[in-house]
Peer 1: 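Below you'll find the structure I mean.
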Amino acid sequence: IQGALKVIDDPTVLVNVVSRRVKQLRRVNRALVESLEKLSTEAPALREIMEGKISYELASPADIARGNR
């Protein structure tokens, strides 16, 4: 987790990004990194963030006001 926090320094944003990626991985999306941890989908999600394989974009206040995400 500490390594991922160096990339996404806001813990709340990190949790949301990891959560969304875990949902994708559980829907049989292929991980972008090779994982030695076969029991957890959280580990590859965190490694993808640390290695810069996935990114995120925060919604602007205007997007939120319009209901876009």
Side-chain angles (χ1 to χ4, degrees):
I1 293 177
Q2 295 303 318
L5 279 169
K6 291 178 183 176
V7 177
I8 301 176
D9 60 354
D10 183 332
T12 304
V13 173
L14 177 61
V15 166
N16 286 318
V17 171
V18 170
S19 174
R20 180 166 287 202
R21 185 61 180 142
V22 165
K23 287 177 186 175
Q24 292 172 348
L25 291 171
R26 287 186 179 156
R27 279 187 251 139
V28 192
N29 287 332
R30 212 176 103 221
L32 301 173
V33 295
E34 189 170 330
S35 177
L36 302 175
E37 303 89 355
K38 299 296 182 194
L39 300 177
S40 162
T41 50
E42 290 83 1
L46 288 167
R47 287 198 40 229
E48 289 174 344
I49 292 168
M50 290 186 293
E51 294 181 17
K53 304 282 185 179
I54 61 171
S55 62
Y56 68 99
E57 184 177 316
L58 296 175
S60 71
D63 288 337
I64 294 169
R66 287 193 307 263
N68 297 335
R69 290 185 184 201

Peer 1: Let me check something: do Val15 and Leu58 share a hydrophobic cluster, defined by ILVMFWY side-chain heavy atoms less than 4.5 Å apart, either directly or through other members?
Peer 2: no
Peer 1: Does anything in residues 2-15 pair up under side chain to side chain donor-acceptor pair (under 3.5 Å), and if so which pairs, sequence neighbours excluded?
Peer 2: none
Peer 1: I need the minimum non-hydrogen distance between Glu48 and Val33, along with the two atoms involved.
Peer 2: CG-CG2, 3.9 Å
Peer 1: Out of Arg20, Arg21, Arg26, which one pairs with Glu42 under the salt bridge (Lys or Arg N to Asp or Glu O under 4.0 Å) rule?
Peer 2: Arg26
Peer 1: Identify the two heavy atoms, one from Ala4 and one from Leu14, that lie closest to each other, and give their separation to 0.1 Å.
Peer 2: CB-CD1, 3.8 Å
Peer 1: Which one of Ile49, Thr41, Ile54, Val13 satisfies the side chain to side chain contact (heavy atoms under 4.5 Å, CB included) criterion with Val18?
Peer 2: Ile49
Peer 1: Nearest 0.5 Å, what's the CG-CG distance between Leu25 and Leu32?
Peer 2: 8.0 Å
Peer 1: Between Val22 and Ala45, which heavy-atom pair has the shortest distance, and what is it?
Peer 2: CG2-CB, 4.1 Å
Peer 1: Considering the options Asn16, Leu5, Ile1, which one meets the side chain to side chain contact (heavy atoms under 4.5 Å, CB included) requirement together with Pro11?
Peer 2: Leu5
